[in-house]
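Numbers here are sequence positions counted from 1.
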Amino acid sequence: EGKPGAPLAWMCHGWTAGAFRMVSRAEPFLERGWNVVLVDLPGHGVSDGLTKWSAEESTTLLLDAIQQLHAERPSLFSAGVVHYGHSIGAFIGLRISRRRHEINPEIKFRGWVLESPMTGYTEIFDETCKLLRIPSPLRPVVLRKTLRHFNALNEGAKFSRLSDADVPQWGMPLENTLLVQAMPDNRLGSVHHERLIHLMEAGDAPELFSKALLEDLTHSGSHISPSRDAVMRAWIEEHYRAHSSA
């Protein structure tokens, strides 16, 4: 809990990590007196797992958690929320942006920090098929079964094609957005952040988008990074100056 009237940083880790990996990333917010929430995704840290893990169900659970915390502690949300997501945590953040209408409209998202983000499932599906050595002629069959299974698991989901799980259909930020990108990205490659950059810079409000491509940042094992912290501090100072000092 930070200063009265401070914004809330909602921080979501990457795949196979946990909230503890976001502690150092939280420091630029903590030192300015912000409220900070670190979450463990389902099946990570101390959170229970899911029968079948999906980013969609994880998004549903996080929306429920945001809603419940707001009901219990509305003062934490009085100055809005900045979502910080790393890797799949950023992917879930993009989905939260798309599904924000499902929660109390008093919860206002004011910004998004996407670190080395996953921005689509298309490449993950292709990678999985290669790892499982599924022949190319059979992949459309596998995809149809995957989509049917996904829709059955996630009530209300109506995904009919793979691109439904790629930005922009999956979700896009509508507020100030900072891309902090490992260069090169040894886990996701370049397609994910390049897709986001193209969409944001060609969109209706390119002035809301900032990017930092950091050659000393790695996708994994990067919970401590002075260069990333410097970028974060400068971005917070620029866009949230009223809350930039404790």
Any side-chain heavy-atom pair of Lys52 and His149 under 4.5 Å: yes

Neighbour count above 12 (heavy atom, 6.0 Å) for Glu207 CD: yes

Note, Trp15 side chain near Trp53 side chain (heavy atom, < 4.5 Å): yes

Heavy-atom side-chain proximity of Leu162 to Asp166 below 4.5 angstrom: no

Stepwise salt bridge (charged side-chain N to carboxylate O under 4.0 Å, His left out) check, Glu175 with Arg100: CA-CA 13 Å; Glu175 295 77 21; Arg100 67 177 78 188; 2.7 Å; yes

Check: Thr60/Arg99 side-chain N/O donor and acceptor closer than 3.5 Å: yes

Transitive ILVMFWY side-chain link Val82 to Val180, under 4.5 Å: yes

Residue that, paired with Ser87, satisfies side-chain contact (heavy atoms from CB on, under 4.5 Å) out of Leu114, Leu188, Ile92, Thr16: Leu188

Min side-chain heavy-atom separation Glu201-Phe209 under 4.5 Å: yes

Residue pair His219 / Asp185, side-chain donor-acceptor N/O under 3.5 Å: yes

Heavy-atom check, side chain of Leu61 versus side chain of Leu50, under 4.5 Å: yes

Val36-Trp235 co-clustered via ILVMFWY side chain contacts under 4.5 Å: yes

Audit row: Leu179, Met200, side chain to side chain contact (heavy atoms under 4.5 Å, CB included) steps and yes/no: CA-CA 10 Å; Leu179 168 67; Met200 292 296 294; over 6 Å; no

Ring geometry between Phe77 and His70 (parallel below 30°, tilted from 30 to 60°, perpendicular above 60°): perpendicular

Polar side-chain atom of Tyr240 near backbone of Arg110 as donor-acceptor pair, under 3.5 Å: yes

Atom of Asp40, atom of Ser47 and distance for their closest heavy-atom approach: O-OG, 2.7 Å

Separation of Asp216 CG from Arg228 CZ (nearest 0.5 Å): 10.0 Å

Evaluation steps, side chain to side chain contact (heavy atoms under 4.5 Å, CB included), between Lys130 and Glu127: CA-CA 5 Å; Lys130 291 176 182 178; Glu127 178 182 323; 5.8 Å; no

Nearest-0.5 Å distance, OG of residue Ser190 to CE of residue Met183: 7.5 Å

Pairwise side-chain contact, His223 with Val23, heavy-atom cut-off 4.5 Å (strictly under): no

Aromatic ring proximity, centroids under 6.0 angstrom, Phe109 and Trp10: no

Hphob cluster co-occupancy, Met172 + Ile103, side-chain heavy atoms under 4.5 angstrom: yes

Heavy-atom pair with the smallest gap, counting every atom of Leu38 and Met22: CD2-CB, 4.0 Å

Under 3.5 Å: donor-acceptor pair, side chain of Arg187, backbone of Ser220: no

Aromatic plane relationship, His83 with Trp112 - under 30° parallel, 30 to 60° tilted, over 60° perpendicular: tilted

Cluster link Leu143 to Trp170, ILVMFWY, side chain under 4.5 Å: yes

Any Gln67 side-chain heavy atom under 4.5 Å of Glu102 side chain: no

Leu131 CG to Asp126 CG distance, which is reported to the nearest 0.5 Å: 11.0 Å

Neighbour count >12 (heavy atoms, 6.0 Å) for atom CG, Asn186: yes

Thr146 side chain to Arg139 side chain, donor-acceptor N/O pair below 3.5 angstrom: no

Heavy-atom side-chain contact between Leu196 and His192 under 4.5 Å: no

Spacing of Lys211 atom NZ and His193 atom NE2 [to the nearest 0.5 Å]: 10.0 Å

Minimal non-hydrogen separation, Val231 against Ala212, with atom names: CG1-CB, 3.7 Å

For the student: nearest non-hydrogen atoms of Gln181 and Ser116, plus distance: OE1-CA, 3.3 Å

Joint cluster assignment, Ile134 & Tyr121, ILVMFWY side-chain distance < 4.5 Å: yes

Distance-minimising heavy-atom pair for Trp34 and Ile236: CZ2-CG2, 4.0 Å

Side chain to side chain contact (heavy atoms under 4.5 Å, CB included) between Ile88 and Leu41, worked out: CA-CA 10 Å; Ile88 203 167; Leu41 290 173; 4.2 Å; yes

Atom pair CG (Leu8) and CD (Glu1), whose distance is rounded to the nearest 0.5 Å: 10.5 Å

Value rounded to 0.5 Å, distance of CD in Glu27 from CE in Met232: 12.0 Å

Non-hydrogen atoms of Gly120 and Phe91 that approach each other most closely: N-CE1, 3.6 Å

Polar side-chain atom of His13 near backbone of Phe20 as donor-acceptor pair, under 3.5 Å: no

Verdict with supporting geometry, Arg233 and Glu31, side chain to side chain contact (heavy atoms under 4.5 Å, CB included): CA-CA 10 Å; Arg233 291 184 176 100; Glu31 65 192 23; 2.5 Å; yes

